[in-house]
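Input: a single structure, listed below in structure tokens.
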Amino acid sequence: MSEYKKIFKNNLWIENPVFVQILGICSTLAVTNNLRNTLIMTIGVTLVTALSNLTISAMRNVIPRKVRMITQVLVISFYVIIVDIILRAYLPDVSKALGPYVGLIITNCIIMGRAEAFAQGNKPIISFWDGFTAGLGYMLVLVVVAFFRELLGFGTVFGIRIIPESVPAWTIMVMPPSAFFVLASFIWIVKGAQMKKTVKTSAGSTSASGK
Amino acid sequence: MIPDINPIVLFFASIFTSNILLTNFLGMCSFISISKDLKSSNGLGLAVTLVMTITTALNWILEKYLIVPLELGYLRYILYIIVIAAVVQVLEMIIDRVSPNLYMVLGIFLPLITVNCAILGVALFMQLRNYTFIQSVFFGFGSGIGWWLAIVLLAAIRKKTENAPVPAPLKGVGITLITIGIMAMAFIGFAGMIKVQ
């Protein structure tokens with residue numbers, strides 16, 4: 001059980017795919033100007049990552065080395081197609097808003113990264129968990145970024161007005177550049193917290209480089 | 001309905017007003033990691049431009065003569081990715097044979113390009129916006145040049161600001177993201193000049 005807990009902690013915080021490993025940035029920036037779309041997108045990515053990891057792990061002993069990458073891509077594409085079709089059927093407005101970015105989940109480095117780094121060398125069930133938690137780590141970052149972008153840019157959260165109409169909206173927040181700034185700020189805060197923790201817990205570090 | 005845009009205009013639009021990296025956020029991962037070094041950035045930019053142009057053209061042909069007539073829309077993602085992977089593989093073999101020097105420079109990047117979201121993204125945009133063949137080629141080529149331009153710009157900026165006093169938590173990725181954000185803001189100045197769809 002502790003193995004599972006360790007993976008959970010790792011993927012959500014210590015080695016979070018987005019702000020530590022810097023993967024999956026493309027979609028992080030593109031869809032986070034709207035909280036609802038972001039949530040749907042991240043649920044999709046989490047499912048694809050988990051299921052792809054499961055499948056690739058189950059097949060890991062039969063895939064020849066040479067075609068490893070293309071096989072992974074095909075497995076991932078398979079699940080993305082399913083997610084895309086489900087979205088188009090049940091949530092057509094979200095599907096339209098996300099547009100090609102749903103298809104681009106295939107090239108999301110997180111999924112490929114987990115497949116290479118974990119699923120190739122581990123059992124199916126734990127690979128599923130690893131994929132699932134990696135997706136959750138991704139969801140964590142995106143939801144926070146989207147929360148701020150939608151709140152400050154539109155004044156709403158999930159479409160519910162929070163900031164009164166009279167306050168002028170900070171429109172740059174919903175334009176592309178702000179995604180970079182919000183994400184950078186997020187990384188700043190988180191890395192700062194992680195760094196402080198390392199300094200505190202490293203035994204007997206009194207002098208020097210506290211800056 | 002096919003958009004009525006002059007391919008040359010589309011070419012310039014995809015470099016400036018609709019830059020694949022700074023406006024559409026595609027191709028970020030390698031953008032952030034490779035822009036540490038100007039020479040590699042140049043090599044990668046060239047490779048991306050080549051692959052993007054070729055695959056966009058091929059995917060257009062695939063779309064028109066295979067996907068639409070046989071109604072294989074649901075397989076589109078898989079088919080496009082297979083085309084991209086195949087092109088990259090073939091290109092790698094050709095470059096290795098024709099110019100080992102170029103292979104030395106580009107070699108490691110080519111497999112990386114297969115999963116570059118920009119390549120698949122450009123193909124999907126082309127299909128979404130219903131471009132003609134000529135428009136697609138110019139769009140693919142322009143997007144590649146735009147990507148190349150952006151990565152070289154970023155590499156140059158990073159080189160210049162290497163020794164700047166950045167707070168520790170922001171070093172590396174953080175400050176790079178902020179730099180890209182400012183670049184993106186600068187490119188917004190081009191917005192509205194040209195339509196792309």
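Reminder, nothing fancy here: chain letters follow the sequence lines and each chain counts from 1.
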* **Minimal non-hydrogen separation, B:Gln135 against B:Leu10, with atom names** =>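 Nearest pair, atom of B:Gln135 first, then B:Leu10: O-CD2, 3.5 Å.
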Interchain contact, [X] with chain A, by part (heavy-atom threshold 4.5 Å):
{"X": "B:Ile119", "answer": "neither"}
{"X": "B:Ile32", "answer": "side chain"}
{"X": "B:Asn24", "answer": "both"}
{"X": "B:Tyr80", "answer": "neither"}

* For B:Phe11, does the CZ atom sit with more than 12 other heavy atoms under 6.0 Å from it, leaving out its own atoms? ->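 Atom CZ in B:Phe11 is crowded, with more than 12 foreign heavy atoms closer than 6.0 Å.
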* Asked: If you count the non-hydrogen atoms of other residues, nucleotides and ligands that lie under 6.0 Å from CD in B:Glu162, is the total more than 12?
  ->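 It does: B:Glu162 CD has more than 12 such atoms within range.
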* How about A:Phe180 and B:Phe25: are their ring centres within less than 6.0 Å of each other? ->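 Between A:Phe180 and B:Phe25, the centre distance is under 6.0 Å.
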* Count the heavy-atom pairs under 4.5 Å between each of A:Val80, A:Ile70, A:Leu104 and chain B, then report the option with the highest count. =>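 Answer, by heavy-atom pair count under 4.5 Å with chain B: A:Leu104.
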* Could you tell me which of A:Leu183, A:Ile187, A:Leu74, A:Asp84 has the largest number of non-hydrogen atom pairs under 4.5 Å with chain B? =>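 Sorted descending by pairs with chain B, the first entry is A:Asp84.
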* **Spacing of B:Ile180 atom CD1 and B:Ile151 atom CD1 [to the nearest 0.5 Å]** =>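 Reported value, rounded in 0.5 Å steps: 9.5 Å.
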* Please determine if B:Arg129 forms a cation-pi arrangement with B:Phe125, meaning its NZ or CZ atom is less than 6.0 Å from the six-membered ring centre and no more than 45° off the ring axis. =>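 That pair qualifies as a cation-pi contact.
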* Asked: Non-hydrogen atoms of chain B under 4.5 Å away: do they reach the side chain of A:Phe186, the backbone, both or neither?
  ->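 Answer is neither: A:Phe186 stays 4.5 Å or more from chain B.
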